[in-house]
Structures are given as structure tokens and as C-alpha cells.
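As C-alpha cells, the structure follows; a few thoughts come after it.
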Amino acid sequence: MTNAFCKRFGTSNPVVLAPVGGVSSPELVAAVSNAGGLGIAPVWYLDPDGLKAEVRRIRSLTAKPFGVNLNMDFRSEAQLEACFEEGVEIISLFWGDTGDFVPRAKAAGCKVIITASTAEKARAAVALGADAICAQGYEAGGHVEGKVSTMALVPAVVDAVGDVPVIAAGGIADGRGLAAALALGASAAWIGTRFLAAEEAPVHPTYRAQLLAASEDDTDRYDDLYDLSWPNAPHRALKNTTSKMWEAAGKPALGQRPGEGDVLAHRQDGSGIVRYTSASPNAVFAGDIEGLSMWSGQGVGLVTKVQPAAEIVAEIIDQARKIVTF
Ligand SMILES: Cc1cc2nc3c(=O)[nH]c(=O)nc-3n(C[C@H](O)[C@H](O)[C@H](O)COP(=O)(O)O)c2cc1C
């Protein structure tokens with residue numbers, strides 16, 4: 001299976017492991033790349049040494065292409081330099097103004113993928129020099145900038161960007177979703193929630209159990225529910241005791257929300273995680289995991305079992321091939 005995306009990024013299939021901040025691992029990224037897809041590692045919350053170590057670890061596990069993901073709301077010179085020093089070949093940028101990162105990454109020989117939530121933003125990203133657009137629809141899990149559904153967004157972006165490959169994101173969890181994305185003109189699917197059930201993803205068992213039990217109706221998109229540590233960044237997560245408590249109180253603003261200041265859980269280093277913090281429940285967290293920000297896309301109803309990442313990729317490709325020809 002080769003198409004515009006595969007040719008540009010050197011993969012043998014069009015499945016992209018979305019960067020899933022806080023619950024990714026070098027093993028997960030490498031497993032997807034080794035399975036012929038493109039693994040993308042979220043590194044935007046690592047210091048330069050941690051970023052370099054993450055890249056080296058991935059490289060020790062795969063000789064195949066992989067990418068890293070940087071958050072433009074926390075744009076960091078040091079992170080970009082660390083990527084260059086490590087010879088990172090593919091950089092994904094999301095959320096906000098990319099500053100001069102695109103021309104600099106291009107000048108350093110990197111391929112750049114920019115996440116966009118409207119056709120207009122996709123056009124602007126292409127004008128900056130993006131090598132591909134990740135079109136992220138409203139269904140997506142985690143932080144979601146736009147309000148347009150994947151079904152409406154992908155063809156609009158495809159029409160806007162000409163020959164530039166478009167990667168569809170949001171609500172895609174199986175081969176039917178990949179086939180639909182390809183039918184809409186995308187040349188790959190960017191999949192997050194489904195990979196939270198990969199064996200290699202360090203997802204807390206409580207979070208994982210909630211994901212496996214959830215239906216397509218069990219998520220909601222919030223403007224600012226989990227805004228501690230990352231304000232003004234709308235997101236989609238599983239409904240939980242925290243969201244229900246806040247809704248029952250009339251959805252009050254920051255400063256008046258029920259349970260503010262409650263330390264729900266702790267990280268491995270002993271630091272507390274307060275209710276309403278933006279934090280993906282990692283396997284090493286301890287405490288009331290259910291009350292935390294359990295990011296999830298609407299495709300979660302299709303996530304029903306824990307599997308090795310390579311098996312997930314193979315299943316998605318096999319199922320898509322029965323529907324559309326590549
Ligand atoms: C747990 C989790 C963490 C995420 N972290 C990031 C991130 O660090 N960077 C990013 O660009 N997108 C992040 N996203 C969004 C994904 O990259 C992707 O757009 C989304 O998962 C696609 O929708 P889906 O979950 O329905 O597959 C995250 C999503 C989830 C579920």
C-alpha cells in the first residue's frame with residue numbers, strides 16, 4: 001500500500017500513531033513504525049536532555065521513520081534545537097502560532113506536519129511550507145482546537161491544500177474509519193484513542209478500563225474543564241466524577257468549581273495532581289485516577305481490547321483493504 005503520504009514519509013502503510021502526550025512510550029512509537037506506519041512521539045513536555053534520550057531510545061528500537069510532536073502553545077527554542085541535534089527527520093507541530101519553526105525545521109532538512117482544524121488554517125500551514133496537514137476533527141480525543149467534524153473537515157482541507165498529503169484525525173479507530181478517511185481524500189489516518197489500548201502504551205489500568213467500557217456517547221468536549229497547567233485549550237475526555245460534579249454545580253468558572261484544590265493522585269516523583277489539571281493518567285500515577293482528565297475521542301466505543309500495537313495496525317489495514325483498494 002503506497003500513496004502520497006507513504007511516499008512522502010517513507011512508510012509502507014497509512015496508519016499514524018497520533019502523539020498521545022503523557023501516555024506514549026518509545027516502545028509504542030517504535031512498534032507502530034516497525035509495523036509499517038508512522039509513530040509520533042510527543043516530546044513537548046520534556047527538557048532537551050529528556051527529549052534527546054527519548055529520540056535515541058526510539059531509534060534503538062526501530063530503523064524505520066518516526067516523528068516527534070511539539071506544542072506551539074509552549075514553543076521552546078531549546079526543544080527545536082534538541083531535535084536538530086538529534087537529527088530528527090519528521091516534526092509535528094500543533095496548537096497555535098508556529099513562529100519561525102517551520103522554515104527553520106525545513107532548512108534543517110526536516111519534514112513538517114502541522115495540525116489544522118479548518119481549511120483556512122490548513123492553507124496557511126501549507127503556505128508556511130508544511131509537508132502534510134493533520135486535519136483534526138471535533139471527534140478527536142485530547143486537546144481539540146476546532147469545532148468541525150472529521151467528516152466535514154477532511155474534504156474541505158483536501159480541497160484547500162492541493163497535492164499536500166492530508167492525514168485525517170478524530171474518531172478513527174478501525175479499518176472502516178481509515179477507509180472513510182481515504183474516501184474523503186485523505187492519504188492517512190492519525191489515530192490516538194485506539195492506541196491507548198496498545199500493550200505498549202503506559203496507560204493507567206483504571207483509565208484503560210474506563211476506555212474499554214466506554215461507548216461513543218461517553219465523552220464530552222469541554223472548553224476549559226481541565227485548564228490547570230494548560231489554560232485556554234479545549235479538550236475531549238471521558239465523562240467522569242469530576243465533570244459530573246462540575247455540571248451538577250452549574251458549570252461554574254475557575255475559582256468557584258467544586259473540589260478545587262483536591263489532590264486526586266500523585267506522580268511517581270511524589271508531586272500531587274490537583275482536580276481540574278490537564279494530565280494524562282499514566283500507569284505510574286497513584287490515587288483517584290477516575291477523577292482525572294481521561295482524554296478520549298468519540299471512536300472509543302470501537303476500542304474493546306488490549307492488543308500489541310503491531311496487531312492494531314495490521315487489523316486496521318486488513319479491514320480497510322476489504323473496503324477500499326489502495
Ligand atoms: C491521551 C491523548 C493525548 C494527546 N496528546 C497530544 C499531544 O501531546 N500532541 C498532539 O498533537 N495531540 C495530542 N492528542 C490528540 C491526538 O494527536 C489526535 O489528534 C487524536 O487522538 C485523534 O483523535 P482520536 O483520539 O479519536 O483518534 C492527544 C490525544 C489523546 C487521546
Side-chain angles (χ1 to χ4, degrees), residues 15-25 28-29 32 37-46 51 54 67-75 79 90-96 98 112-117 125 132-146 148-151 153-154 167-174 177-178 180-181 186 188-198 201-204 207-208 210-211 214 216 218-219 221 226 229-230 233-238 278-283 285 289 292-303 312 316:
V15 171
V16 180
L17 162 69
V20 282
V23 282
S24 191
S25 68
L28 177 63
V29 173
V32 172
L38 183 67
I40 301 190
V43 294
W44 55 271
Y45 43 86
L46 302 176
L51 188 159
E54 188 87 353
V68 305
N69 168 254
L70 299 177
N71 184 340
M72 296 298 95
D73 227 12
F74 302 93
R75 211 165 62 220
Q79 287 177 342
I90 300 169
I91 300 184
S92 129
L93 304 177
F94 84 120
W95 217 276
T98 55
V112 179
I113 305 173
I114 298 182
T115 297
S117 56
I133 299 297
C134 166
Q136 190 203 40
Y138 192 59
E139 299 92 318
H143 289 83
V144 186
E145 208 174 8
V148 184
S149 68
T150 305
M151 178 70 94
L153 179 66
V154 171
I167 314 165
I172 302 171
D174 64 14
L178 170 59
W190 178 283
I191 300 173
T193 300
R194 173 81 188 264
F195 281 111
L196 299 180
V203 169
H204 193 283
Y207 178 19
R208 183 165 277 161
Q210 298 279 333
L211 289 164
E216 76 286 356
D218 287 332
T219 75
R221 191 253 192 205
Y226 300 107
S229 79
W230 188 3
H235 37 255
R236 182 177 294 283
L238 292 177
S278 182
S280 313
N282 187 282
F285 288 8
I289 301 302
L292 298 179
S293 52
M294 297 186 293
W295 316 122
S296 171
Q298 291 182 324
V300 68
L302 302 170
V303 182
I312 295 176
I316 292 172

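Remember, it's 1-based here, ligands and their atoms both numbered in the order they're listed.
Comparing Gly21, Gly170, Gly137, Gly142 against atom 3 (C) of ligand 1, the shortest heavy-atom distance belongs to Gly21. The nearest non-hydrogen atom to atom 10 (C) of ligand 1, considering only Trp44, Phe94, Tyr207, comes from Phe94. Between the choices Ala41, Pro281, Pro19, Ser117, the shortest heavy-atom distance to atom 14 (N) of ligand 1 belongs to Pro19. Selection from Gly171, Gly22, Gly299, Gly192 by nearest heavy atom to atom 26 (O) of ligand 1 gives Gly171. The closest non-hydrogen atom to atom 19 (O) of ligand 1, taken over Gln136, Arg236, His235, comes from Gln136.
Looking at Asn69 against ligand 1, only its side chain comes within 4.0 Å, counting heavy atoms.
Using a 4.5 Å heavy-atom cutoff, the side chains of Leu196 and Tyr207 are in contact.
In the displayed structure, Met151 atom CE is contacted under 6.0 Å by at most 12 heavy atoms of other residues, nucleotides or ligands.
Shortest non-hydrogen contact noted between Leu153 and Ala116 is CD2-O, 4.0 Å. Annotation for Ala132 and Ile167: closest pair CB-CD1, 4.2 Å, computed over non-hydrogen atoms. Contact between Ala173 and Arg194 at its shortest, heavy atoms only, is O-NH1, 2.8 Å. When all heavy atoms of Ala181 and Val154 are compared, the closest pair comes out as O-CG1, 4.4 Å.
From the protein, the heavy atom lying nearest to atom 30 (C) of ligand 1 is Val20 CG1, 3.8 Å. Protein heavy atom nearest atom 25 (O) of ligand 1, with residue, atom name and distance: Thr193 OG1, 2.5 Å.
For ligand 1, the polar-atom distance check finds an N/O of Gly141 within less than 3.5 Å of one of the ligand's N/O atoms. Considering both main-chain and side-chain atoms, Trp295 never comes within under 3.5 Å of ligand 1 through any nitrogen or oxygen pair. Looking at Gln298 next to ligand 1, no N or O pair under 3.5 Å apart turns up.
Using the six-membered ring where Trp is involved, Trp44 and Phe74 have ring planes that are parallel, under 30° apart on the 30 and 60° scheme.
Every atom of ligand 1 is numbered from 1 in the order shown, and the set under 4.0 Å from a heavy atom of Ala18 is 16 (C), 17 (O), 18 (C). Counting atoms of ligand 1 from 1 in the listed order, those under 4.0 Å from a heavy atom of Ala140 are 20 (C), 22 (C), 23 (O), 26 (O). Distances below 4.0 Å separate heavy atoms of Ile191 from the following atoms of ligand 1: 27 (O).
The closest side-chain donor-acceptor pair between Gln136 and Thr115, if any, does not fall under 3.5 angstrom.
The closest donor-acceptor contact from the side chain of Arg208 to the backbone of Ala201 lies under 3.5 Å.
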